Amino acid sequence: RRVLFRSRDRTEFALEHRLLMADGSIKYLEVVGRPSTDEWRRSEFVGAVTDITERKRAEALLAGEKHVLEMIATGISLKEILNALCLIIEEHRPGTLASILLLNRDGVHLDVIAGPSLPEEWTCQMEKLPIGPSAGACGTAVYRKAPVMVSDIANDPLWDVPEHRAAALNQGLRASWSSPVLSSQGNVLAAFCMYSREVRTPTSKDLELIEFATHLARVAIERDKSEHALRRSEAYLAEAQRLSKTGSFAWSPATDTTYYSEECYRVLGFEPQAGPPPVETLWQRVHPDDQARCREVVAKAMRDKVDFEVDYRIVHPDNKVRDIHGVCHLVLDGSGEVVEHIGTVIDITERKRAEEELRRAFEDIKGLRDQLQRENIVLREELG
């Protein structure tokens, strides 16, 4: 309709449209035209038709890559990310089915994490077969750490596991092409697989998509593993701080932004839900008899721009007094200005009490010793 309108107007036009081919494939065409007159002064349009299918596919693939990377960056679950990746592959290669299988902790089996278009019966079957030299496309690819292209599932020796082959054929799967997903260190993380419902060899475009999907799958899986490792490390650190009653903190004087670990809140008697307290509020919690001395230590350290340690007492809201040992490191910028305070607060109340009990015990022992000496003197005088 737009072309007809432009024709009546006798103005230049440019448009894109899809063309359905006889084999069911779709081509993208760009048509441009401009009005002209022939040698007999008759009106006509001169133009060109360009096949832009490859450009459109490249643009769509780039958009898909951007979408997946955004999902990775925003913390979407790994399963959701990999399912989205499979759908992108299937959209680009109609007639194929994509799946991603993670290497199980046992190092022997593969667990299906993504395969939105695969029948559930087949995903269950894939998880039963251990990896090995003849374990279908995925199991063999992981075993070899190299791509495996099976053009005919019905007759390929890699599928010589009767129940496995029969299950694939029953689901209409005729070809499978798999590539291992390797970590940056070369360790197997997973396998990416494309299935075809026709017996055929993968084309160059199929191989490009497999490489594309394998790369993005590696990025997503490694990011997920890193996040899990970070959360585990943070959990261990939090538990270690709880057991040792050591809290950590950071404070930026320029922006007045503060970070407290959970144990830091507990040590200082504040509620984590309320966020870090203002500095002056923290000073008010320091025992009145220790405030002047502590302020002097901090002020001197700020003037001299040096690290410092200080012992003081904190009065909790329930009026319980806790002994604290504070350590602070001053971070300086290139010009020597203090940009951040990083430190720890350690509840040393029990240690202080133990030291006090030990001091008293020594005094008691000294008293007993002095008493024994006096009694010995008296006894010698009596015996003398």
Side-chain angles (χ1 to χ4, degrees), residues 68 71-72 75-86 89 96-150 153 156-169 171 173 175-195 202 207 209-236 239:
V68 171
M71 294 178 75
I72 294 172
I76 303 298
S77 72
L78 181 63
K79 184 179 182 66
E80 191 174 344
I81 292 170
L82 297 182
N83 271 319
L85 177 57
C86 288
I89 300 301
T96 64
L97 305 174
S99 66
I100 299 173
L101 303 87
L102 296 179
L103 182 64
N104 190 284
R105 289 183 179 180
D106 64 11
V108 177
H109 293 86
L110 297 170
D111 298 330
V112 179
I113 187 173
S117 303
L118 286 175
E120 185 177 351
E121 295 83 354
W122 175 242
T123 58
C124 293
Q125 178 62 36
M126 284 195 294
E127 293 181 340
K128 295 178 183 178
L129 186 67
I131 65 174
S134 297
C138 293
T140 308
V142 168
Y143 179 80
R144 294 179 180 176
K145 287 190 177 182
V148 171
M149 306 299 157
V150 175
I153 291 175
D156 195 290
L158 293 180
W159 285 77
D160 276 343
V161 180
E163 63 274 16
H164 199 62
R165 171 178 280 159
L169 296 177
Q171 298 301 328
L173 307 177
S176 62
W177 319 310
S178 182
S179 179
V181 179
L182 303 179
S183 71
S184 304
Q185 291 74 38
N187 300 317
V188 175
L189 299 173
F192 171 78
C193 189
M194 286 176 66
Y195 294 93
L207 297 176
L209 283 176
I210 290 172
E211 184 178 355
F212 167 84
T214 302
H215 169 70
L216 283 182
R218 178 184 68 79
V219 173
I221 294 168
E222 286 198 319
R223 172 65 181 270
D224 184 72
K225 285 183 173 293
S226 295
E227 290 179 348
H228 277 296
L230 178 60
R231 286 194 290 269
R232 187 166 58 247
S233 176
E234 289 175 344
Y236 291 155
E239 183 64 10

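Keep in mind that what you see is a predicted model, and the values were worked out from it rather than measured.
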- Item | Distance, nearest 0.5 Å, that separates CE of Met126 from OG of Ser99 | 4.5 Å

- Query: If you look only at pairs with a residue in residues 104-116, which of them pass as a side chain to side chain donor-acceptor pair (under 3.5 Å), with sequence neighbours excluded?
  - Reply: Asn104-Asp111, Asp106-His109

- Message: So, using side chain to side chain contact (heavy atoms under 4.5 Å, CB included) as the criterion, who are the partners of Ile131 when residues are at least two apart?
- Response: Leu110, Val142

- Query: Taking side chain as C-beta onward, heavy atoms only, is Leu189 less than 4.5 Å from Leu103?
  - Reply: no

- Item | Test log, rule side-chain contact (heavy atoms from CB on, under 4.5 Å), inputs Leu85 and Met71 | CA-CA 10 Å; Leu85 177 57; Met71 294 178 75; over 6 Å; no

- All side chain to side chain contact (heavy atoms under 4.5 Å, CB included) counterparts of Ala114, not counting sequence neighbours: Leu82, Asn83, Cys86, Ile100

- Item | Distance, nearest 0.5 Å, that separates CG of Asp156 from CZ of Arg165 | 7.5 Å

- Shortest non-hydrogen separation from Leu129 to Gly136 and the atoms involved: CD2-N, 4.3 Å

- Query: Between Thr96 and Tyr195, is there a donor-acceptor pair closer than 3.5 Å when you use the side chain of the first and the backbone of the second?
  - Reply: no

- Side-chain contact test, heavy atoms from C-beta onward, threshold under 4.5 Å: evaluate it for Gln171 versus Leu118 and give yes or no. no

- Item | Separation of Ile72 CD1 from Ile221 CD1 (nearest 0.5 Å) | 9.5 Å

Only distances under 3.5 Å count here; give the side-chain donor-acceptor pairs of residues 209-218 to other protein atoms, sequence neighbours excluded, each with its distance to 0.1 Å.
unit_1, atom_1, unit_2, atom_2, d
Thr214, OG1, Ile210, O, 2.6
Arg218, NH1, Ser184, OG, 3.3
Arg218, NH1, Glu222, OE1, 2.9

- Starting at CD of Glu227, measure out to CZ of Arg231 and round the result to the nearest 0.5 Å. 5.5 Å

- Query: Do Phe192 and Ile89 have side-chain heavy atoms sitting under 4.5 Å apart?
  - Reply: yes

- Message: Does atom CD (Glu163) have a neighbourhood of more than 12 heavy atoms from anything else shown, all under 6.0 Å?
- Response: yes

- Item | Residues forming a side chain to side chain contact (heavy atoms under 4.5 Å, CB included) with Arg144, sequence neighbours excluded | Thr140, Ala146, Val148, Leu158

- Message: Is there a side-chain contact (heavy atoms from CB on, under 4.5 Å) between Ser117 and Leu97? Walk through the geometry before answering.
- Response: CA-CA 6 Å; Ser117 303; Leu97 305 174; 3.7 Å; yes

- Working to the nearest 0.5 Å, report the span between CE of Met149 and OG of Ser178. 7.5 Å

- Message: With side-chain contact (heavy atoms from CB on, under 4.5 Å) as the criterion, how do Val188 and Leu182 come out once you've worked through the C-alpha distance, each side chain's angles and the decisive distance to 0.1 Å?
- Response: CA-CA 5 Å; Val188 175; Leu182 303 179; 3.7 Å; yes

- Item | Under the ring pair (Phe, Tyr, Trp, His ring centres under 6.0 Å) test, residues paired with His164 that sit two or more places apart | Trp122, Trp159

- Spacing of Ser176 atom OG and Ile153 atom CD1 [to the nearest 0.5 Å]: 4.0 Å

